[in-house]
Structures are given as structure tokens and as C-alpha cells.
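Working notes, beginning with the structure itself.
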Amino acid sequence: AVVARAADGSARIEVLESFKGPAKGSLVTLQPGTGSCTTPMPALGSHVLVIGFEQGPNACSQYDADHFLLEAFRFIATQPP
């Protein structure tokens with residue numbers, strides 16, 4: 001959930017679910033997109049799926065909260081190792 005927007009264009013998001021990343025309840029900074037990324041930043045209070053890897057997430061790392069990958073991640077998390 002987006003909990004704050006900053007003057008530099010970044011957004012603070014609270015982690016509501018995590019599959020391999022920051023713990024639930026953590027705050028993560030979502031940076032504005034750069035270069036060819038023109039994806040708008042999420043609105044304050046909105047829920048988004050953020051997929052980040054080695055670098056911090058930016059606007060191009062976000063997807064709608066009902067994206068099909070979320071259900072896939074939830075399913076995989078229920079499977080034995």
C-alpha cells in the first residue's frame with residue numbers, strides 16, 4: 001500500500017505480502033522510472049504488486065494489484081520445498 005509520496009517523485013510503500021523480499025510491514029521506497037520508463041507512480045493509498053530484484057524497485061517494477069502473477073506467487077508459496 002502506498003503510504004507516502006515525496007517531492008522527488010518517489011513513493012513509500014508498505015509491504016503487505018512478501019514472497020522472498022522485505023518482511024511484511026516493511027517500508028520500501030519506489031523510485032520514479034528512468035529513461036524509457038514512463039509508467040506513472042501509484043496514487044497515495046493504492047495497492048500495487050511490486051517485483052524487484054537486485055536493485056531497488058522503480059515505477060516500472062509495479063503492476064496492478066490483481067495481476068495474475070500475484071495468484072501464481074501465492075500458489076507457489078503454499079507448495080513444499
Side-chain angles (χ1 to χ4, degrees):
V2 179
V3 296
R5 295 286 306 267
D8 67 359
S10 66
R12 296 287 285 167
I13 55 175
E14 179 184 1
V15 177
L16 301 178
E17 289 184 79
S18 182
F19 302 99
K20 288 192 173 187
K24 182 178 176 180
S26 298
L27 293 177
V28 176
T29 300
L30 186 66
Q31 297 294 332
T34 58
S36 63
C37 176
T38 58
T39 304
M41 293 295 282
L44 188 62
S46 65
H47 291 193
V48 293
L49 170 63
V50 175
I51 299 176
F53 295 98
E54 294 176 11
Q55 298 178 352
N58 67 30
C60 287
S61 307
Q62 67 169 323
Y63 301 87
D64 291 335
D66 63 351
H67 194 279
F68 76 92
L69 283 176
L70 184 55
E71 288 304 318
F73 292 149
R74 287 175 175 155
F75 174 77
I76 291 168
T78 66
Q79 302 305 300

Contact summary for [X] and [Y], nearest pair of heavy atoms:
X: Cys60; Y: Thr39; value: SG-OG1, 3.7 Å
X: Met41; Y: Gln31; value: SD-O, 3.7 Å
X: Ala4; Y: Leu44; value: N-CD1, 3.4 Å
X: Pro32; Y: Asn58; value: O-CB, 3.7 Å
X: Gly33; Y: Ala59; value: N-CB, 3.5 Å
X: Val2; Y: Ala43; value: CB-O, 3.4 Å

Given the rule in the side-chain contact (heavy atoms from CB on, under 4.5 Å) test, do Val50 and Val28 qualify, once you have shown the distances and angles that lead to the verdict? CA-CA 10 Å; Val50 175; Val28 176; over 6 Å; no
Report yes or no: do [X] and [Y] belong to one cluster of Ile/Leu/Val/Met/Phe/Trp/Tyr joined by side chain heavy-atom distances under 4.5 Å?
X: Leu30; Y: Val15; value: yes
X: Leu16; Y: Tyr63; value: no
X: Phe68; Y: Leu49; value: yes

In the structure I gave you, are the side-chain heavy atoms of Glu17 and Leu70 within less than 4.5 Å of one another anywhere?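 Yes; the side chains approach each other to less than 4.5 Å.
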Which distance, rounded to the nearest 0.5 Å, do you find between the CD of Glu14 and the CG of Leu27?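 Reported to 0.5 Å precision, the distance equals 6.5 Å.
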Look at atom CZ of Phe19 and say whether more than 12 heavy atoms of other residues, nucleotides or ligands are closer to it than 6.0 Å.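 Yes, CZ of Phe19 has more than 12 neighbouring heavy atoms, counting only those of other groups under 6.0 Å.
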